[in-house]
Amino acid sequence: MNAYKRRQFVSTAVISAVCGSLIPALSRAMATKLNPTDPAAAALGYIENATKVDTKKYPAYKTGQNCASCALIMLQYSPYRPCKLFPKNVVNANGWCSAWVKNTQR
Ligand code: SF4
């Protein structure tokens, strides 16, 4: 393999590796926002603004809980992020649902 072909091979391999890791992340980021009226979301009381949680209905809710502080959310730096519980959608980082689990890693 001459130098040109080797360089071309390495470039192709690097581009493939970058695209292979970026495309799934981008597709998750472009997923539709979870609708609070979606049956699965509604069953868990998902709302886009955690400060509006109905504390009579969800007495376990504590101020400061939101999707951004939940162990089930993925990616840290976007307003809407993938959640392990709702894999086809993204959730609002300021949202909340009754499945909230404290993230002890952050
Ligand atoms: S499981 Fe966590 S990240 Fe997902 S919607 Fe509920 S509170 Fe938000």
Side-chain angles (χ1 to χ4, degrees):
M1 187 182 287
N2 66 29
Y4 174 75
K5 285 193 175 196
R6 191 172 330 136
R7 213 173 23 249
Q8 197 171 29
F9 173 79
V10 170
S11 298
T12 303
V14 169
I15 289 168
S16 297
V18 169
C19 289
S21 62
L22 278 180
I23 288 172
L26 285 174
S27 65
R28 279 195 305 269
M30 293 169 61
T32 56
K33 296 174 185 175
L34 180 63
N35 188 332
T37 62
D38 174 279
L44 292 172
Y46 172 76
I47 58 171
E48 291 237 333
N49 184 346
T51 64
K52 305 259 193 275
V53 171
D54 180 349
T55 53
K56 287 187 177 138
K57 191 171 180 184
Y58 300 104
Y61 169 79
K62 301 269 187 296
T63 301
Q65 292 180 354
N66 60 28
C67 292
S69 64
C70 178
L72 300 178
I73 203 163
M74 300 178 283
L75 301 179
Q76 290 187 27
Y77 304 106
S78 66
Y80 282 87
R81 308 172 193 178
C83 165
K84 291 176 186 166
L85 215 54
F86 302 102
K88 293 180 180 170
N89 300 100
V90 287
V91 299
N92 191 320
N94 295 318
W96 181 88
C97 85
S98 59
W100 183 89
V101 179
K102 182 176 177 55
N103 187 339
T104 57
Q105 302 298 311
R106 293 182 206 149

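Indexing begins at 1, ligand by ligand and atom by atom, following the structure's order. Just so we're clear, the structure is a prediction, and the values are computed from it rather than from any experiment. Sequence positions, counted from 1, serve as the residue numbers for this chain. In what follows, every heavy atom counts, from backbone to side chain, and hydrogens, waters and symmetry copies are set aside.
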- Query: Got Val90 and Cys83 here, is their nearest side-chain heavy-atom distance under 4.5 Å?
  - Reply: no
- Message: With heavy-atom distances below 4.5 Å as the criterion, would you say the side chains of Ser98 and Tyr61 are in contact?
- Response: no
- Note on the structure: protein heavy-atom neighbour closest to atom 4 (Fe) of ligand 1 works out as Cys83 SG, 2.3 Å
- Counting each atom of ligand 1 from 1 as listed, which ones have a heavy atom of Leu72 under 4.0 Å away? 1 (S)
- Task: Answer yes or no for Cys97: is there an N/O/S atom below the 2.8 Å cut-off from atom 6 (Fe) of ligand 1?
- Result: yes
- Gln65 and Trp96: side chain donor to acceptor below 3.5 Å: yes
- In the protein, what heavy atom is nearest to atom 8 (Fe) of ligand 1, and what distance, to one decimal place, separates them? Cys67 SG, 2.3 Å
- Query: Which ligand 1 atoms, with their elements, are less than 4.0 angstrom from a heavy-atom of Leu85?
  - Reply: 1 (S)
- Thr32 and Asn89 side chains, donor-acceptor separation under 3.5 Å: yes
- Message: Does any part of the side chain of Leu44, heavy atoms only, come nearer than 4.5 Å to the side chain of Phe86, both counted from C-beta?
- Response: yes
- Got a sec: is Cys70 within less than 2.8 Å of atom 4 (Fe) of ligand 1 via an N/O/S atom? no
